[in-house]
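So the structure is just underneath, and the comments pick up after that.
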Amino acid sequence: MRILMVCPSYPPQDVTCGVGDYTRCLAEELASQGEDVVVVTSDRYRGSTEGHVRIVPTFRRWFWDAAMRLAKLSTSLRADVIHFQYTPELYGRGMGMVLAPLLLRVQARQTAVVVTFHTLIGGGFRSKLMAPYLLATAHHSISANEEVTALIHRRLPMLRRRVSEIPIGANIPVVLVTPGASKDTLRASLGLPLKGPIMVHFGLIYPGKGLETLFEALSSIRLVHPGAQLVVVGDTRTENRGYRDALMGLAVRLDVTPAIIWTGSLTGEEVSRFLQAADIFVVPYDGGVSIRRGSLMAGLAHGLPVVSTYPVVPSAYLRDGDNISLVPSRDPRALAERIISLLTQPDDAIRMGKAAAALAERFTWPVIARETRDLYARLLRR
């Protein structure tokens, strides 16, 4: 099966993007399962174009002529499936993405057209019109999380049969440390303190991640555990550096600056080592936890007890007190109390970490790729 994957932000590019990371992981796993995968991305792509996944850096702007070029490329490559990745504004303000599914269905009749919706939140009025149009014109769509599924079922019930939910996976693989090495050895290799509990927060640094709440909670946690440290693992985009400066100012006012370690940008292997060195994974999202969060998936995959915030849409996967620990958003007191409880009851933390690792098996890339391949096969039999 030849699959043409379309994602403007396919990495490596100058700007990190979760949708790009998702596409890379899916494309590479599909290729490892024997499929012929070609990725069409923007001309800002900075990597190799050859490999078991072929990369075609083509577009700067996704205007109407992009749809025509995609149709010609699909025909020349004899693609069986063309699979678009979608979030509002991912393709800019051009109309090529709007036209492409319908045009492909007309000009490449043997090709199955699929759109994955990663989120429907954000964007302008045009984006709100674009989503139902894409749902109606693609052969089938994939919802990458429960929020998207719920929104489609609620707002567009007539199209619910045209959507299947296939969750995302972790974009940080678990890297095996030296067999027999202790956590102290790992911490020492990373320059982390050997004594005291270590909490880790992972993800791009921008508003909405709940870091303000976490810093305030850290101040309370250190009254009970004076040696507690917080490691903030993640890069900061240029446009969010002012926000990070404000966070650092907040840390000074709360007198927790010595307890916070900022790693900056790291490789996937380095991120994995920091996660394995930690005791608790804390991601208190302002908007609630969601399986659309690649950072959450990384914490689950590393078997850490995860503390986060109640989801907006009830989750069929995340169970408070079982495989995750949930508190109200923007509530530093509740967050501190929950973390202190896990630190003082290590058996509960261990149990929760094991349950998180078990849940993560549902979100592995081999499973995700197999479900995606099965969907492709059903569409090609139509």
Kindly give the heavy-atom pair with the smallest separation between [X] and [Y], and that separation in Å.
| X | Y | answer |
| --- | --- | --- |
| L326 | P311 | CD1-CD, 3.9 Å |
| D184 | L194 | O-CD2, 3.3 Å |
| L192 | A277 | CD1-CB, 3.9 Å |
| V367 | E361 | CG2-O, 3.9 Å |
| I172 | A298 | CB-CB, 4.2 Å |
| T119 | P88 | O-CD, 3.2 Å |

Judged by atom type as modelled, is there a donor-acceptor pair below 3.5 Å linking the side chain of [X] to the main-chain atoms of [Y]?
| X | Y | result |
| --- | --- | --- |
| K354 | G303 | no |
| W62 | S42 | no |
| T41 | C7 | yes |
| K183 | A278 | yes |
| D235 | L204 | no |
| R54 | V37 | no |
| R155 | H153 | no |
| T309 | Y285 | yes |
| R24 | Y10 | no |
| D80 | R2 | yes |

Q. Stepwise, does the side-chain contact (heavy atoms from CB on, under 4.5 Å) test hold for L223 with I221?
A. CA-CA 5 Å; L223 295 175; I221 293 166; over 6 Å; no
Q: Decide side-chain contact (heavy atoms from CB on, under 4.5 Å) for L151 and E147; before the verdict, give the C-alpha distance in whole Å, the side-chain angles of both, and the deciding distance to 0.1 Å.
A: CA-CA 6 Å; L151 191 58; E147 288 88 346; over 6 Å; no
Answer yes or no: is there a side-chain heavy-atom contact under 4.5 Å between [X] and [Y]?
| X | Y | answer |
| --- | --- | --- |
| V289 | V283 | no |
| I168 | N145 | no |
| L318 | L359 | yes |
| L4 | V56 | no |
| L375 | I142 | yes |
| M1 | I3 | yes |

Q.
Determine whether H201 and V231 satisfy the following criterion, side-chain contact (heavy atoms from CB on, under 4.5 Å), listing intermediate values before the conclusion.
A. CA-CA 6 Å; H201 173 95; V231 182; over 6 Å; no
Just verifying a value: how many Å separate [X] [atom1] and [Y] [atom2], rounded to the nearest 0.5 Å?
| X | Y | atom1 | atom2 | value |
| --- | --- | --- | --- | --- |
| R338 | S325 | CZ | OG | 3.5 Å |
| R351 | L342 | CZ | CG | 9.0 Å |
| L296 | I324 | CG | CD1 | 5.5 Å |
| T116 | L26 | OG1 | CG | 7.5 Å |
| Y133 | T137 | OH | OG1 | 5.0 Å |
| T372 | H83 | OG1 | NE2 | 6.5 Å |

Q | Proximity of Y86 and H118 rings by center, below 6.0 Å | A | no
With a sphere of 6.0 Å drawn around [atom1] of [X], does it hold more than 12 non-hydrogen atoms of other residues, nucleotides or ligands?
| X | atom1 | value |
| --- | --- | --- |
| R362 | CZ | yes |
| R154 | CZ | yes |
| D255 | CG | no |

Q.
I'd like to check the ring pair (Phe, Tyr, Trp, His ring centres under 6.0 Å) partners of Y45; sequence neighbours left out, ordered by chain and number.
A. none
Q) Can you list the residues that meet the ring pair (Phe, Tyr, Trp, His ring centres under 6.0 Å) rule with Y317, with sequence neighbours excluded? A) F363
Q) Checking salt bridge (charged side-chain N to carboxylate O under 4.0 Å, His left out) for the pair D279/R187: CA distance, chi angles, key distance, verdict? A) CA-CA 11 Å; D279 297 300; R187 288 184 177 184; 2.7 Å; yes
Q. Does any donor atom in the side chain of E269 or S272 lie under 3.5 Å from an acceptor atom in the other side chain?
A. no
**Q.** Any side-chain donor near an acceptor of the partner, R373 and Q33, under 3.5 Å
**A.** yes
Q: Carefully, step by step, assess Q85 and Y91 under the rule side chain to side chain donor-acceptor pair (under 3.5 Å).
A: CA-CA 10 Å; Q85 306 300 323; Y91 295 83; over 6 Å; no
Q) What's the verdict on salt bridge (charged side-chain N to carboxylate O under 4.0 Å, His left out) for D286 and R330, showing C-alpha distance, side-chain angles and the deciding distance? A) CA-CA 6 Å; D286 290 347; R330 298 186 178 89; 3.7 Å; yes
(Q) Run the side-chain contact (heavy atoms from CB on, under 4.5 Å) test on I280 and V200 for me, step by step, so that the C-alpha distance in whole Å, both residues' side-chain angles and the decisive distance to 0.1 Å come before the verdict. (A) CA-CA 6 Å; I280 297 179; V200 64; over 6 Å; no
Q) Under the 6.0 Å and 45° cation-pi test, does R244 pair with W262? A) yes
Q.
Using salt bridge (charged side-chain N to carboxylate O under 4.0 Å, His left out), reason through R44 and D14 one step at a time and then give a plain yes or no.
A. CA-CA 8 Å; R44 296 179 178 86; D14 294 337; over 6 Å; no
Q. Does S315 have any side chain to side chain donor-acceptor pair (under 3.5 Å) partners at least two apart in sequence or in another chain, and if so, which?
A. E146
Q: Kindly determine whether E216 and S220 satisfy side chain to side chain donor-acceptor pair (under 3.5 Å), including the steps that lead there.
A: CA-CA 7 Å; E216 291 185 44; S220 299; over 6 Å; no
